[in-house]
Engineer: 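Submitted below is the structure of interest, expressed as structure tokens.
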Amino acid sequence: KDTFFFENVGSILSTSLVRENSAAHHRGGRTDFIRILDSLPSAVAIVATGNAAILYSNVVFTDLFLRREQTVGGLRGEAYVRSILAVEPTTRAVKEIYLKDVDRWFIVNRSPVDYGDAHDAELVILTDITNNKKNQETISSLAYSDVLTGLPNRSKLDSDLRKTFELSSAMYTNSFIGILNIDNFKLINNMYSYSFGDALLRTISIHLNKIPEIRDKIYRFGGDEFAFLVKNLYGEQVYEVAHKVMRVFESPFYIEGYE
């Protein structure tokens with residue numbers, strides 16, 4: 001929804017500016033049009049269609065791209081900008097890009113504009129959506145993480161299973177899932193405390209996540225149950241992973257002074 005919102009704002013703004021530009025030319029001046037662009041909070045540039053040479057950039061665009069000593073493959077200044085604006089003819093006018101050099105996300109809106117001087121030009125508007133992206137990542141992380149252990153949760157398992165099944169079907173690879181249940185866990189909660197049981201679950205999670213073959217593929221399935229996903233292993237290799245999981249429980253756990 002956030003992306004849709006910014007895309008529409010970009011399109012509306014771009015259309016309005018094109019009309020304003022056209023009207024300004026009819027009045028015989030470009031000054032008013034440039035004044036509007038200079039006042040915008042988004043990074044705005046007018047570039048030549050053929051080679052992406054920068055014909056104009058507002059203060060935000062200049063500060064963000066042209067006054068920094070950032071490089072992309074050794075490119076700087078206008079060459080840097082041309083590299084990030086270069087698009088194939090089939091690329092849609094509105095798209096989302098990530099600029100690693102400045103660690104920021106943008107919605108890019110491009111539309112033809114009459115800039116005079118016989119230039120075929122495009123109006124390029126870059127709207128910073130970094131905060132929106134970070135918020136989306138935080139929400140996604142919360143949705144797919146178990147609060148107690150920090151492991152991926154059951155929803156994440158469902159999502160990963162769908163992806164794994166699709167990949168396995170397309171590439172004929174093997175994948176296995178294991179379910180682990182802790183015996184008598186309710187008794188542990190009753191004998192000691194629920195906080196003790198929570199600490200035990202966290203400790204088990206840490207130990208399971210140290211197994212190389214399933215690192216980051218351990219899930220809190222629910223309650224005292226865990227799941228683990230094994231990919232691209234065959235035969236005895238799968239059994240070896242299962243043995244490693246069981247060996248986690250061969251040594252005692254020390255929780256709050258208890259063994």
Side-chain angles (χ1 to χ4, degrees), residues 1-140:
K1 291 182 178 179
D2 291 328
T3 298
F4 180 76
F5 171 78
F6 279 108
E7 287 183 355
N8 277 278
V9 169
S11 298
I12 293 170
L13 181 58
S14 177
T15 302
S16 299
L17 289 172
V18 170
R19 290 174 179 171
E20 181 68 24
N21 181 35
S22 178
H25 276 294
H26 284 301
R27 291 194 300 268
R30 191 185 300 171
T31 305
D32 291 342
F33 178 59
I34 296 302
R35 187 179 296 117
I36 292 172
L37 298 184
D38 284 337
S39 67
L40 294 176
S42 298
V44 182
I46 297 176
V47 300
T49 303
N51 58 10
I54 301 172
L55 308 177
Y56 158 83
S57 64
N58 71 353
V59 175
V60 179
F61 191 99
T62 301
D63 288 343
L64 186 59
F65 298 112
L66 302 182
R67 289 178 182 165
R68 294 175 179 266
E69 291 300 314
Q70 53 209 10
T71 64
V72 172
L75 302 177
R76 296 190 180 192
E78 288 202 22
Y80 168 83
V81 174
R82 284 196 292 272
S83 72
I84 64 174
L85 293 181
V87 295
E88 298 297 327
T90 55
T91 301
R92 64 192 182 99
V94 178
K95 68 173 184 176
E96 186 179 282
I97 62 170
Y98 172 67
L99 301 184
K100 183 178 180 180
D101 303 75
V102 292
D103 189 28
R104 293 165 86 169
W105 286 88
F106 294 89
I107 285 291
V108 183
N109 183 283
R110 307 169 72 106
S111 60
V113 65
D114 177 11
Y115 198 62
D117 301 328
H119 285 299
D120 290 328
E122 280 187 310
L123 178 68
V124 180
I125 301 173
L126 294 95
T127 303
D128 193 329
I129 59 168
T130 304
N131 288 338
N132 294 66
K133 274 289 184 181
K134 289 181 178 179
N135 290 338
Q136 290 172 4
E137 290 172 0
T138 299
I139 292 171
S140 177

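Along the sequence shown, residues carry numbers from 1.
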Engineer: CG of Asn58 to OG of Ser42: how many Å apart, nearest 0.5 Å?
Structural biologist: 8.5 Å

Engineer: Closer than 3.5 angstrom, by distance alone: can the side chain of Asp120 be matched with the main-chain N or O of Val113 as a donor-acceptor pair?
Structural biologist: no

Engineer: Say you draw a straight line from CG of Leu37 to OH of Tyr56; how long is it, rounded to the nearest 0.5 Å?
Structural biologist: 4.5 Å

Engineer: Mind checking what makes side chain to side chain contact (heavy atoms under 4.5 Å, CB included) contact with Asn135, not counting sequence neighbours?
Structural biologist: none

Engineer: Please evaluate residues Val44 and Phe61 with respect to the criterion side chain to side chain contact (heavy atoms under 4.5 Å, CB included), reporting the C-alpha separation (whole Å), side-chain torsions for both, the decisive distance (0.1 Å), and the verdict.
Structural biologist: CA-CA 6 Å; Val44 182; Phe61 191 99; 5.7 Å; no

Engineer: Can a donor-acceptor pair be found, under 3.5 Å and without considering hydrogens, that links the side chain of Asp128 to the backbone of Phe106?
Structural biologist: no

Engineer: Which of these passes side chain to side chain contact (heavy atoms under 4.5 Å, CB included) with Glu122: Leu55, Asn109, Val47?
Structural biologist: Val47

Engineer: How many angstroms lie between atom OG1 of Thr127 and atom CD of Glu96, to the nearest 0.5 angstrom?
Structural biologist: 11.5 Å

Engineer: I need the full list of salt bridge (Lys or Arg N to Asp or Glu O under 4.0 Å) pairs touching residues 35-61, with sequence neighbours left out, sorted by first then second residue.
Structural biologist: Asp32-Arg35

Engineer: Grab the two heavy atoms, one from Ala121 and one from Ile46, that are nearest each other, plus how far apart they are.
Structural biologist: CB-CG2, 3.8 Å

Engineer: Report the distance from atom OG1 of Thr130 to atom OH of Tyr98, rounding to the nearest 0.5 Å.
Structural biologist: 8.5 Å

Engineer: State, yes or no, whether a side-chain contact exists between Val124 and Val108 at a heavy-atom distance under 4.5 Å.
Structural biologist: yes

Engineer: Look only at the side chain of Ser57 and the backbone of Ala45, and say whether a donor-acceptor pair between them is shorter than 3.5 Å.
Structural biologist: no

Engineer: Output the distance between atom NZ (Lys134) and atom CD1 (Ile129), rounded to the nearest 0.5 Å.
Structural biologist: 12.5 Å

